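Residue numbers start from 1 in every chain, and the chains themselves are labelled A, B, ... in the order their sequence lines are given, proteins ahead of strands. In this text, all values refer to a predicted model and were calculated from it rather than measured experimentally.
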Amino acid sequence: MLKLENVHVHGLAPVSFEVAGGECLAVQGPSGSGKTVLLRALADLDPAEGEISLDGTNRNSISGPEWRNKVRYAAAEPGWWGETPREHFATDRGLEKMIAALGLKTGQLDQSISRLSTGERQRMALVRALIDEPDILLLDEPTGALDVKATTQAEKLIKRHLKAGHAVILVSHDPEQVRRLADRKLVIRGGRVRIGRV
Amino acid sequence: MTQASYITLTYWDLAMAASLILINGGLSVAFRLGIERTLLIAAVRMAVQLMAVGFVLKFIFTQTSGLWTLGLGLCMVLFAAREAMARQTRRYKGWWAYGLGTGTLLFVGLLAILFGVGVIIGPDPWYTPRFVLPILGMVLGNTLNGISLGLETLTTSALRERAAIEARISLGATRFVAMSVTTRQALKTGMMPIINSMAATGIVALPGMMTGQILAGIDPVEATKYQVLITFLIAGGTALGVFLAVIGGARLLTDERHRLRLDRLENPAQ
């Protein structure tokens with residue numbers, strides 16, 4: 001369980017909430033309202049005051065890399081440091097199956113990243129983020145560049161991650177997607193945070 | 001060693017050479033380049049600055065005092081550090097903007113003097129300013145060049161590759177792994193000029209110091225030996241300086257929680 005107590009994120013009133021394993025919390029709000037900033041703070045990518053803990057382990061009691069292996073942030077526009085997608089995955093186990101489940105071809109793993117479309121890169125990045133099964137997955141508009149078919153496939157993968165007992169915090173502009181995936185939603189408006197049912 | 005005669009220049013000789021600047025000025029007027037004023041100021045500055053340095057060095061050389069040598073050496077380090085910082089498009093905030101360059105140049109300069117002059121050349125006393133100051137100047141000038149290139153590459157490519165670096169951090173990489181591509185690139189860029197110039201030395205260009213010694217009547221082979229020594233000192237100093245500045249700079253761009261901290265750079269608008 002991820003637990004936040006009075007977390008001060010830039011531009012937002014202090015935030016407190018909990019997300020349990022297997023649960024999906026949607027984050028909604030207008031552009032620039034602070035959704036990404038909140039997710040980045042949870043993954044400890046930016047300094048933020050307040051208590052954040054995972055299953056009773058305080059964020060500051062373990063190293064940054066250890067924390068981010070459990071609480072994983074996947075950016076809306078994924079970054080790449082290698083030539084081909086294959087260099088970017090923590091493990092090969094189940095990689096090709098997951099790639100196929102998202103409608104991608106195995107051969108694309110060894111193609112130059114610059115030759116992949118935005119949607120293909122976004123799907124690669126989704127697999128990259130969840131292949132080593134982080135406890136909490138923070139997804140920033142994971143299907144923003146995908147068509148209907150690919151979106152359905154991606155949601156299937158996210159649901160499978162939830163079923164395995166992991167939690168997902170999802171930023172999405174699509175109310176339909178929120179209804180399909182989320183159990184609760186967190187709405188940011190004018191710097192205030194409200195949590196409610198979907 | 002054969003000692004040829006040294007020919008002293010008169011101020012009249014310099015005035016004759018200065019007439020060459022008139023050609024530059026004439027070209028500027030003829031082609032309406034509008035640079036004759038800047039050209040004149042630059043030429044006067046060059047002459048005045050060099051003459052002034054000549055008198056300062058003459059004074060310090062006659063003192064042979066460790067204190068005076070140290071004082072002028074420190075001034076050179078501070079000016080070099082300021083220059084290294086001034087060349088950055090995105091500087092570090094606060095004290096570190098100066099601290100990184102000053103610390104690195106001070107360390108490299110001290111090491112080059114202790115090793116190059118103290119151990120290898122070995123004048124008596126070891127701090128003889130005639131040896132210490134020119135060598136310090138050459139080492140600092142080249143190291144400063146490498147440091148500013150290295151740091152500039154580090155900060156600009158960290159800004160450009162931010163998404164890639166943060167992707168690695170998000171996936172659980174330490175700051176050293178996440179910054180490795182950027183750091184390597186910065187180290188390489190910082191060291192390239194000295195490697196290139198070593199390869200071209202003697203074929204494309206005769207180094208200024210060696211030419212100077214030859215004009216002063218030193219046997220060319222002896223002058224060459226000095227040049228090789230200086231070049232090794234410069235190469236070693238530059239490599240060490242670039243390494244220290246880039247690794248230090250990469251540490252400053254990240255924190256102990258292994259986060260990328262581009263907020264520690266100033267905004268270009270400021």
**OP:** Give, as side chain, backbone, both or neither, the part of Pro134(A) having an atom under 4.5 angstrom from any heavy atom of chain B.
**Re:** neither
Original post:
With a cut-off of 6.0 Å (strictly less than), are more than 12 heavy atoms of other residues, nucleotides or ligands near CD1 of Ile120(B)?
Top reply: yes
Original post:
What are the two closest heavy atoms between Pro65(A) and Ala173(B), and how far apart are they?
Top reply: CG-O, 3.8 Å
Subject >> Crowding at CZ, Phe89(A) (>12 non-hydrogen neighbours, <6.0 Å) >> reply: yes
How about the chain B/chain A donor-acceptor pairs under 3.5 Å, what are they, with distances?
unit_1, atom_1, unit_2, atom_2, d
Glu166(B), OE1, Arg40(A), NH1, 2.6
Glu166(B), OE1, Arg40(A), NH2, 3.2
Glu166(B), OE2, Arg40(A), NH2, 2.9
Ile169(B), O, Arg68(A), NE, 3.3
Ser170(B), O, Arg72(A), NE, 3.0
Arg257(B), O, Arg68(A), NH2, 2.7
Arg257(B), NE, Asp44(A), OD2, 2.9
Arg257(B), NH1, Ile62(A), O, 2.6
Arg257(B), NH2, Asp44(A), OD2, 2.9
Arg257(B), NH2, Arg59(A), O, 2.9
Arg257(B), NH2, Ile62(A), O, 3.3
His258(B), O, Arg68(A), NH2, 2.9
Arg259(B), NH1, Asp44(A), OD1, 2.5

**OP:** Taking all non-hydrogen atoms of both residues into account, name the closest pair between Gly79(A) and Ala167(B) and its distance.
**Re:** O-CB, 3.5 Å
Subject >> More than 12 heavy atoms of other groups within 6.0 Å of Tyr98(B) OH >> reply: no
Original post:
For Ile113(A), is it the side chain, the backbone, both, or neither that has a heavy atom closer than 4.5 Å to a heavy atom of chain B?
Top reply: neither
Subject >> Residues in residues 224-242 of chain B near chain A [non-hydrogen atoms, under 4.5 Å] >> reply: none
